[in-house]
Each structure stands twice: as structure tokens, then as C-alpha cells.
Amino acid sequence: MFNPNRATPDWDRSTMQSVAAEPGLALAAVRYANLGIPVFPCVPAGKQPLTPNGFHDATSSARVVHAWWQRTPDANIGLPTGLSTGVLVVDIDVHPGGSGFAAFERARSDGLADGWGWLVRTPSGGVHAYYPAATGHEQRSWQVPSAHVDFRGDGGYVIAPPSRLEVDGIPQTYEVIATATRPAKPVDAAKLRQFLEPPRPKPVDPASGLPLKGCRPEALARVVAQTPEGGRNRALFWASCRMAEDGQIRADAVSYLMPAAQHAGLPEREIESTIDSAYRIAARLGQSGLGPTRRSEAIQL
């Protein structure tokens with residue numbers, strides 16, 4: 001629904017705080033729309049879109065937004081990122097597998113992520129750092145699971161304040177925790193990604209001089225995260241099979257592919273079922289050793 005020829009919304013330091021102060025999600029969603037910011041509904045206390053085409057259905061039509069939230073008053077607010085809304089988001093994750101705060105701080109100290117306009121604490125304890133998008137300069141979304149940092153740009157979305165998620169059965173709100181006192185500036189997503197995930201030389205078999213077989217879980221996760229509705233489960237199954245064939249243990253597949261598939265919009269139960277199915281098939285075909293260690297210590301990723 002978003003018209004690409006429409007002017008980019010004009011964000012200022014108080015925009016997010018003023019919307020987050022609205023007493024209900026329906027009022028906040030309409031407030032975003034009235035400010036020219038396209039939004040779309042997601043499931044209450046969740047991240048999955050309620051519209052058929054996900055963030056592609058986002059609109060700044062207050063009439064449409066009002067109708068959506070009349071149907072589902074507790075719907076969370078999805079906010080597309082990139083040129084359509086004029087904001088980019090660096091997502092610093094916190095989960096049992098690790099935290100992205102150390103990597104983000106290193107990037108910030110190197111001047112690669114220090115231009116944020118405001119920070120939003122997520123229900124999991126992580127942070128969304130918001131940056132302005134440079135006019136006419138598209139920057140695509142990506143993930144670096146090893147650093148626990150994701151980037152939401154063109155082709156992505158985030159859940160915006162004052163949306164809520166349930167953490168251990170307790171509702172937690174996306175909360176604006178800081179606003180910059182100096183002018184915000186766009187983040188260079190390509191340089192940030194290269195800093196977080198430096199290119200690795202391909203491992204070589206000393207005997208033959210040829211590259212060793214191996215897969216890159218980060219690359220597989222990116223494919224899953226960027227696959228649109230209609231092919232998401234198939235992409236997840238394919239990526240899971242590649243990891244199983246390469247001797248990656250199931251826990252590693254879940255660690256890399258679970259957040260990617262959730263970003264694509266798949267529910268957790270379906271994700272686990274698909275990964276399990278891929279590993280069962282790989283085991284039957286004898287393509288992978290599914291014990292507690294990888295198939296070969298020689299394989300490097």
C-alpha cells in the first residue's frame with residue numbers, strides 16, 4: 001500500500017516518544033499514520049504480520065489503519081524500515097546464546113554505529129538503535145548471528161513502541177530509553193556488517209590445495225530471513241538440510257536458523273518441526289553424523 005513516490009516521513013527527536021506515550025496501541029498506530037509513517041498490524045503480543053503481504057501492506061492512511069486496529073485493538077505495530085519510512089534499525093539481540101552489546105559497542109567506538117537518533121529497549125532486554133535513512137540510498141536488511149546483531153533496512157521491519165511481547169508470561173513493552181542530543185546520521189550498513197563479520201579465507205586441504213567442503217550458517221540464515229511468504233518453509237527446510245549434510249549439530253541449526261525464520265514470519269513450533277524433519281531425513285540417508293560433535297574437525301566455516 002505504501003506509495004514509493006510519497007515524501008519520506010519527517011522524523012524528529014520527539015516523534016517516537018510522543019507516539020509511545022499514547023494510551024493504547026490503536027491510538028498509537030493511528031498517530032503514526034497521521035504523521036505520515038506507514039505501519040501495519042502484527043499479532044497481539046507477537047511479531048507475525050496480520051496482513052496478507054506483511055510489511056508490504058504498510059500504509060499511512062489513517063482510515064485503513066483505524067479499520068485494522070478496530071478489528072484487532074491489541075495488535076502490535078509493525079514498522080517497515082528503509083526508504084519507505086526513513087529509518088534504519090540496528091537490532092542488538094539478547095538471548096540465551098549470547099548478547100550483541102559488546103559487538104555493538106566496538107562498532108560504535110570505531111565510529112560505525114555512533115549516529116543513532118534514539119534507542120528503544122526491546123522486551124527481551126536488547127536494544128533497537130534507530131538511524132535516519134539516506135535519501136535515495138537503499139540498504140538491505142541482514143543478520144550476523146555470530147555477533148548477535150541484525151540490521152533492519154530495506155526489505156525488513158521492526159515492532160515499534162508501544163507494542164508489547166510476552167516474556168516468561170509477563171507482558172513487556174518496547175520502550176524509548178534514550179534520545180540523541182546531537183544530530184543523527186545514517187549508518188553505513190555495509191561497513192558495519194564487514195566489521196562484525198570480516199571475510200574469512202576459504203579453508204584449503206593441504207594435500208590437494210582445493211577448498212574443503214563446508215557451509216556458512218550465516219549465509220543460510222540470511223537466505224531464510226529474506227525469503228518472502230510462500231517459500232519460507234521450503235527455504236528453512238533447504239537450509240536445515242545443508243547444515244545437517246555438513247555435519248552441523250541440530251543445536252547449531254536452531255541457533256542460526258530459528259531467529260532468521262522468525263524474522264521471515266514463521267512461528268516457533270513450525271520452525272522446530274521443519275528443522276527436525278530435515279535432520280531426520282539426513283540421518284536416514286546417512287549423509288550426516290548427528291552425534292554431539294561435528295562430522296569432521298577439518299571443516300572450517
Is there side-chain contact between I281 and F237, with heavy atoms separated by less than 4.5 Å?
yes
Between the side chains of D154 and Q139, is a donor N or O closer than 3.5 angstrom to an acceptor N or O?
no
CD/E272 to CG/L257 distance, rounded to the nearest 0.5 angstrom?
12.0 Å
Determine whether V120 and V127 make a side-chain contact, defined as any pair of heavy atoms from C-beta on separated by less than 4.5 Å.
no
d(E138 CD, S84 OG) to nearest 0.5 Å is 10.5 Å
From L88 CG over to T81 OG1, what is the distance, rounded to the nearest 0.5 angstrom?
7.0 Å
Would you say the side-chain atoms of W11 pair up with the backbone N or O of T85, donor to acceptor, closer than 3.5 Å?
yes
Are more than 12 heavy atoms, taken from residues, nucleotides or ligands other than R269, located less than 6.0 Å from that residue's CZ atom?
no
W118 and its ring pair (Phe, Tyr, Trp, His ring centres under 6.0 Å) partner, picked from Y174, Y131, Y130:
Y130
Could you see if L79 belongs to whatever hydrophobic cluster contains L27? Use Ile, Leu, Val, Met, Phe, Trp, Tyr and a side-chain cutoff under 4.5 Å.
no
S18 side chain to S14 backbone, donor-acceptor under 3.5 Å
yes
Using a 4.5 Å cut-off on heavy atoms from C-beta on, say whether the side chain of W69 contacts that of T72.
no
Closest non-hydrogen contact found for I275 with S240 is CG1-OG, 3.4 Å
Under a 4.5 Å cut-off applied to non-hydrogen side-chain atoms, are V254 and I271 in contact?
no
Smallest separation among heavy atoms of V223 and T227, with atom names:
O-OG1, 2.6 Å
With side chain to side chain contact (heavy atoms under 4.5 Å, CB included) as the test, would you mind laying out the steps for V149 and V90 before giving the verdict?
CA-CA 7 Å; V149 173; V90 174; 3.7 Å; yes
List the steps and the verdict of side chain to side chain contact (heavy atoms under 4.5 Å, CB included) for D276 and R250.
CA-CA 8 Å; D276 287 343; R250 180 189 178 280; 2.5 Å; yes
Are F55 and V89 co-members of a hydrophobic cluster defined by side-chain heavy atoms under 4.5 Å apart?
yes
Heavy-atom distance under 4.5 Å between the side chains of L25 and R164, does that happen here?
yes
Taking atom NE2 as the centre, does H66 end up with more than 12 heavy-atom neighbours from other residues, nucleotides or ligands that are less than 6.0 angstrom away?
no
Closest approach of D110 and F195, non-hydrogen atoms and distance?
OD2-CE1, 3.3 Å
Return the CZ to CZ distance between R140 and F151, rounded to the nearest 0.5 Å.
10.5 Å
So OG1 of T15 and CD of Q17: to nearest 0.5 Å the spacing works out to 9.5 Å
For residues R152 and H263, is any side-chain donor paired with an opposing acceptor at under 3.5 Å?
yes
What one should report as the nearest heavy-atom pair of A244 and A282 is CB-CB, 3.6 Å
Judged by modelled atom types alone, do T122 and S124 share a side-chain donor-acceptor pair under 3.5 Å?
yes
Counting C-beta onward and ignoring hydrogens, is there a side-chain heavy-atom pair between L112 and V187 closer than 4.5 Å?
no
Could you state the interatomic distance from CZ (R222) to CD (Q143), rounded to the nearest 0.5 Å?
9.0 Å
Closest non-hydrogen atoms of G230 and R234, given as atom of the first, atom of the second and distance, are O-NH1, 3.9 Å
For V94, is there any backbone N or O sitting under 3.5 Å from a side-chain donor or acceptor partner on S99?
no
Please step through side chain to side chain contact (heavy atoms under 4.5 Å, CB included) for the pair Q262 and E268, ending with a clear verdict.
CA-CA 7 Å; Q262 287 177 323; E268 182 173 339; 4.0 Å; yes
Nearest atoms (heavy-atom pairs only) where S141 meets Q226:
O-NE2, 3.0 Å
State, with a plain yes or no, whether a side-chain heavy atom of F101 is found less than 4.5 Å away from one of R106.
no
Return yes if some donor-acceptor pair links the side-chain N/O of D57 with the main-chain N/O of N53 below 3.5 Å, else return no.
yes
Given 3.5 Å as the limit, does a donor-acceptor pair link the side chain of N76 with the main chain of G46, or not?
yes
F40-V19 co-clustered via ILVMFWY side chain contacts under 4.5 Å:
yes
Determine whether L192 and L119 fall in the same hydrophobic cluster, where Ile, Leu, Val, Met, Phe, Trp and Tyr are linked whenever their side-chain heavy atoms lie under 4.5 Å apart.
yes
Steps toward side chain to side chain contact (heavy atoms under 4.5 Å, CB included) verdict (L266, R232):
CA-CA 7 Å; L266 290 175; R232 300 173 301 188; 4.0 Å; yes
Does any non-hydrogen side-chain atom of Y32 lie less than 4.5 Å from one of V39?
yes
Does one hydrophobic cluster hold both V43 and W68, with members joined at side-chain heavy-atom distances below 4.5 Å?
no
Can a donor-acceptor pair be found, under 3.5 Å and without considering hydrogens, that links the side chain of S109 to the backbone of E105?
yes
